[in-house]
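I have placed the structure first, in the form of structure tokens, so that the comments after it can refer back to it.
Just the heavy atoms: all of them, side chains too, but no hydrogens, waters or symmetry mates, feed the values below. Starting from 1, each residue takes its place in the sequence as its number.
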Amino acid sequence: MSNFKLYRIIYSFNHSKMGFNNSITVEALNVDYAINEAKRQVSEVYGSKMLKRFSFKPDPAYTGVVVR
């Protein structure tokens, strides 16, 4: 039996000329694994060099929802 849960991770792009927020929902064992998985997926889209401009935090309203 897997203990995976759904976590929504909010990520923000920070730059002096622009910025944006978005979120991604991932399946993981806990919130730390979820943040790492979100970082991996965001780096695939935006590139690993851009990752330093992103910040990641869990969405408190949608964290640890049980997957059935």
Side-chain angles (χ1 to χ4, degrees):
M1 180 173 178
S2 75
N3 294 329
F4 282 90
K5 297 179 182 176
L6 290 177
Y7 294 91
R8 181 177 295 144
I9 306 299
I10 300 168
Y11 60 93
S12 303
F13 179 76
N14 306 305
H15 190 273
S16 61
K17 299 197 183 217
M18 67 166 275
F20 64 88
N21 296 321
N22 205 347
S23 67
I24 187 169
T25 303
V26 297
E27 281 187 36
L29 292 172
N30 62 38
V31 71
D32 293 327
Y33 286 119
I35 289 173
N36 286 335
E37 177 62 16
K39 286 180 181 180
R40 186 188 66 76
Q41 291 184 22
V42 168
S43 71
E44 286 180 4
V45 174
Y46 297 102
S48 59
K49 291 184 179 180
M50 296 296 287
L51 200 58
K52 65 183 176 193
R53 297 199 180 270
F54 285 93
S55 59
F56 297 83
K57 66 179 181 177
D59 183 352
Y62 197 82
T63 295
V65 176
V66 176
V67 177
R68 300 224 183 248

Does any non-hydrogen side-chain atom of E27 lie less than 4.5 Å from one of L6?
yes
Any chance you could measure H15, atom NE2, to M50, atom CE, to the nearest 0.5 Å?
7.0 Å
Do you know the tightest heavy-atom contact between P58 and I9?
CA-CD1, 4.0 Å
Nearest heavy-atom pair of A34 and A28: which atoms, and what distance?
N-CB, 3.5 Å
Do you know which two heavy atoms are closest between L29 and Y7, and how far apart they sit?
O-OH, 3.6 Å
Nearest 0.5 Å, please: how far is CD1 in I10 from CG in N22?
10.0 Å
For a 4.5 angstrom cut-off between non-hydrogen side-chain atoms, does F13 reach Y46?
no
F56 side chain reached by L51 side chain, heavy atoms, under 4.5 Å:
yes
Distance from S55 atom OG to Y11 atom OH, nearest 0.5 Å?
11.5 Å
CD1/I24 to CD1/I35 distance, rounded to the nearest 0.5 angstrom?
12.5 Å
Crowding at CZ, F54 (>12 non-hydrogen neighbours, <6.0 Å):
yes
